[in-house]
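Notes follow once the structure below has been shown.
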Amino acid sequence: MKEVVRDRLKTSPRALPVVLRTPSLALAVLGLLALIALGLRFAGHSAPSAFDAPLLPGPDLVGDPWWYFATAIDFCGEPLGAVLILVLVIGGCLLTHRLRTAVLAVAGCGLTVAVTSVLKPLTGRTIHGTYLSFPSGHTAFATALALTGAYVLAGRLSRFAAVAWLLGLALVAGFLMAWAEVGLGAHYPTDTIGGFAAALAIVPVTAYWIDRIADRG
């Protein structure tokens with residue numbers, strides 16, 4: 001059984017397309033630096049920064065019908081919603097024989113969310129008095145999932161188009177989740193930037209090592 005899995009991993013399409021290897025690892029470095037800088041900047045804070053304040057919603061948060069849309073997006077980052085999405089993604093990967101991508105969906109998203117969970121008590125930034133907020137795990141998950149999906153199609157594109165596709169999909173997914181989290185009063189905008197940076201730092205490196213390990217097998 002192990003040999004079958006090893007062979008399928010070895011012949012599976014790469015988790016990190018060659019055309020995106022260097023740009024993605026460069027983005028990972030930038031993401032890590034941004035995450036560290038923001039974490040140090042907002043450690044122990046319990047109020048919005050000058051950047052956050054104008055972007056925060058009013059006391060009534062987002063109004064109808066946008067509240068329902070924001071809630072639906074937020075559900076995708078909740079444990080149940082995230083599991084349901086991952087089950088669908090993994091199923092699609094297995095049907096299309098993309099075993100490395102399936103592993104990346106689990107490991108990349110899982111590690112990203114785990115890191116944000118560890119960083120919350122370490123940074124100690126709070127919102128509404130007691131809720132740990134930096135970095136946003138919801139935004140990190142959405143961005144990590146978008147990066148994973150972007151890698152699937154990027155291998156067929158030129159480098160410029162692949163990088164544009166990668167950044168575009170990650171920014172759209174990250175922005176939508178960030179808008180929902182800020183609009184629902186769950187995070188400061190800079191928390192969501194931290195979550196975005198966490199995904200950029202972790203997913204490319206995870207994909208790189210999945211390919212390294214699979215190629216050795």
Side-chain angles (χ1 to χ4, degrees), residues 9 15-16 24-25 27-45 73-91 93 98-127 130-152 166 169-171 173-178 180-182 184 186-214:
L9 273 172
L16 178 61
S24 291
L25 294 178
L27 285 173
V29 174
L30 292 176
L32 178 61
L33 293 175
L35 183 62
I36 293 172
L38 288 169
L40 292 174
R41 168 65 177 81
F42 296 113
H45 285 221
I73 295 174
D74 173 74
F75 174 75
C76 294
E78 292 293 319
L80 178 58
V83 169
L84 290 175
I85 291 173
L86 284 176
V87 167
L88 291 174
V89 170
I90 293 168
C93 290
R98 300 193 67 98
L99 191 55
R100 296 191 194 188
T101 304
V103 175
L104 177 61
V106 175
C109 293
L111 285 172
T112 301
V113 172
V115 167
T116 62
S117 298
V118 170
L119 287 177
K120 278 186 171 70
L122 288 179
T123 58
R125 190 187 197 190
T126 58
I127 190 169
T130 59
Y131 296 98
L132 295 171
S133 65
F134 183 90
S136 167
H138 282 61
T139 308
F141 173 78
T143 307
L145 196 62
L147 290 171
T148 302
Y151 289 152
V152 173
L166 177 73
L169 194 59
L171 285 169
F175 174 80
L176 282 174
M177 186 61 79
E181 294 306 295
V182 173
L184 293 173
H187 286 284
Y188 302 115
T190 42
D191 296 333
T192 66
I193 296 174
F196 184 84
L200 284 185
I202 295 167
V203 174
V205 176
T206 305
Y208 173 80
W209 279 106
I210 288 172
D211 286 334
R212 286 285 301 271
I213 294 169

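Predicted model only: the values in this text are computed from it and were never measured.
No donor-acceptor pair closer than 3.5 Å links the side chain of Asp191 to the backbone N or O of Ser136. For the pair Tyr188 (side chain) and Thr126 (backbone), a donor-acceptor distance under 3.5 Å is present. Thr123 places a side-chain N or O within 3.5 Å of a backbone atom of Phe134 that can act as its donor or acceptor partner.
The CG atom of Leu132 lies 11.0 Å from the CD1 atom of Ile127; values are rounded to the nearest 0.5 Å. Separation of atoms CG (Asp211) and OG1 (Thr206) is listed at 11.0 Å; rounding is to 0.5 Å. Atom-to-atom distance recorded for Phe141:CZ and Thr143:OG1 is 10.5 Å, nearest 0.5 angstrom. In this structure, CG on Leu176 lies 5.0 Å from CD1 on Ile73, to the nearest 0.5 angstrom. In this structure, CG on Leu169 lies 8.0 Å from CG on Leu147, to the nearest 0.5 angstrom. The distance from the CG atom of Leu30 to the CG atom of Leu35 is 12.5 Å, given to the nearest 0.5 Å.
Contact annotation: the side chain of Leu145 approaches that of Leu86 to within less than 4.5 Å [non-hydrogen atoms, C-beta and beyond]. A 4.5 Å side-chain heavy-atom check between Pro135 and Leu38 finds every atom pair outside the cut-off. The shortest distance between side-chain heavy atoms of Val115 and Val118 does not fall below 4.5 Å. Residues Leu166 and Leu27 have side chains in contact (heavy-atom distance under 4.5 Å, counting atoms from C-beta outward). Taking the side chain as every heavy atom from C-beta outward, Val203 and Thr112 approach each other to under 4.5 Å.
Side-chain polar atoms of Arg41 and Thr190 form no donor-acceptor pair below 3.5 angstrom.
In the displayed structure, Phe175 atom CZ is contacted under 6.0 Å by at most 12 heavy atoms of other residues, nucleotides or ligands.
For the residue pair Thr101 and Cys93, the shortest heavy atom distance occurs at CG2-SG, 3.6 Å. Pairing each heavy atom of Glu181 with each of Thr192, the nearest pair is CB-CG2, 4.4 Å. Nearest heavy atom pair, residue Thr116 against residue Ala140, reads CG2-CB, 3.7 Å. Minimum heavy-atom separation, Leu16 to Pro204: CD2-O, 3.9 Å. The shortest heavy-atom contact between Ala170 and Ala146 is CA-CB, 4.0 Å. Closest approach of Cys76 and Ile85 over heavy atoms only: CB-CD1, 3.6 Å.
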